[in-house]
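We count residues from 1, following the sequence as given.
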Amino acid sequence: MRIADAERGIRRYAQGDTNPRIVEYNNTTNLVGYDDKISWCSSFINWCMGGAGLAGTGSALARSWLEWGTVIDAPVYGCVVVLTRDDPTSWRGHVGFYLRHDETTIYLLGGNQLDEVRELDYPISSVLGYRWPAAE
């Protein structure tokens, strides 16, 4: 979480310019060489995991994190949270690090949240799963 927290405020640049830090995030996934105009939430999580010495999924798909690590039934500070977007059966999703929740809302620290690394809230009903690094 220290690695992710230190990235707060990194944001997508305006059209015509590219934030090189987000390109760095993308380079940890199958989005090598892509700019900051593509969805980069999973790239950010992969970059953070690499910085912590852990293997990520290597995928830019948020839902790839549903196959990573170990399933946990209840969220723990810093766990990976995978959310659905639009249709729960589609391939689309979002991923971030768990901060806290209440009865209706979950708060995540993640990349590409309103175009930046920041805290943002989501409906708790959109959670698909909680994941924790697998024991080596």
Which heavy-atom pair separates Asp36 from Asn19 by the least distance, and what is that distance?
OD2-N, 3.0 Å

Please list, chain by chain and in numerical order, all residues satisfying side-chain hydrogen bond (donor to acceptor under 3.5 Å, both in side chains) with Tyr122, sequence neighbours excluded.
His94, Gln113

Does any pair with a residue in residues 10-44 pass ring-ring contact (aromatic ring centres under 6.0 Å, His included), and if so which ones, sequence neighbours excluded?
Tyr25-Trp40, Tyr25-Phe44, Tyr25-Trp47

Nearest heavy-atom neighbours spanning Arg131 and Leu66
NH1-O, 2.9 Å

Got Asn27 and Val32 here, is their nearest side-chain heavy-atom distance under 4.5 Å?
yes

Salt bridge (charged side-chain N to carboxylate O under 4.0 Å, His left out) pairs touching residues 43-70, sequence neighbours excluded, are none

Spacing of CD1 belonging to Ile22 relative to CG belonging to Leu31, to within rounding of 0.5 Å:
12.0 Å

My understanding is that only residues two or more places apart in sequence, or in another chain, count here; which of them pass salt bridge (Lys or Arg N to Asp or Glu O under 4.0 Å) with Arg11?
Glu116

Shortest non-hydrogen contact from Leu61 toward Ser42
O-OG, 3.6 Å

Which heavy atom of Gly78 sits nearest a heavy atom of Phe97, and at what distance?
O-CD2, 3.4 Å

Rounded distance [0.5 Å steps], CG in Asn112 versus CD1 in Ile38:
10.0 Å

Starting from Val71, walk the hydrophobic network (Ile, Leu, Val, Met, Phe, Trp, Tyr; side-chain heavy atoms closer than 4.5 Å) and list everyone else you reach, by chain and number.
none

Hey, does Ile3 have a side-chain heavy atom less than 4.5 Å from the side chain of Met49?
no

What's the spacing between Trp68 CH2 and Ile45 CD1 if we round to 0.5 Å?
9.0 Å

Checking Ser59 now: which residues fulfil side-chain hydrogen bond (donor to acceptor under 3.5 Å, both in side chains) with it, not counting sequence neighbours?
none

Point-to-point distance, once rounded to the nearest 0.5 Å, from CZ of Arg100 to CG of Asp121
8.5 Å

Closest non-hydrogen atoms of Thr29 and Ser43, given as atom of the first, atom of the second and distance, are OG1-OG, 3.4 Å

Exercise: identify the closest heavy-atom pair between Trp65 and Asn46:
CZ2-ND2, 3.4 Å

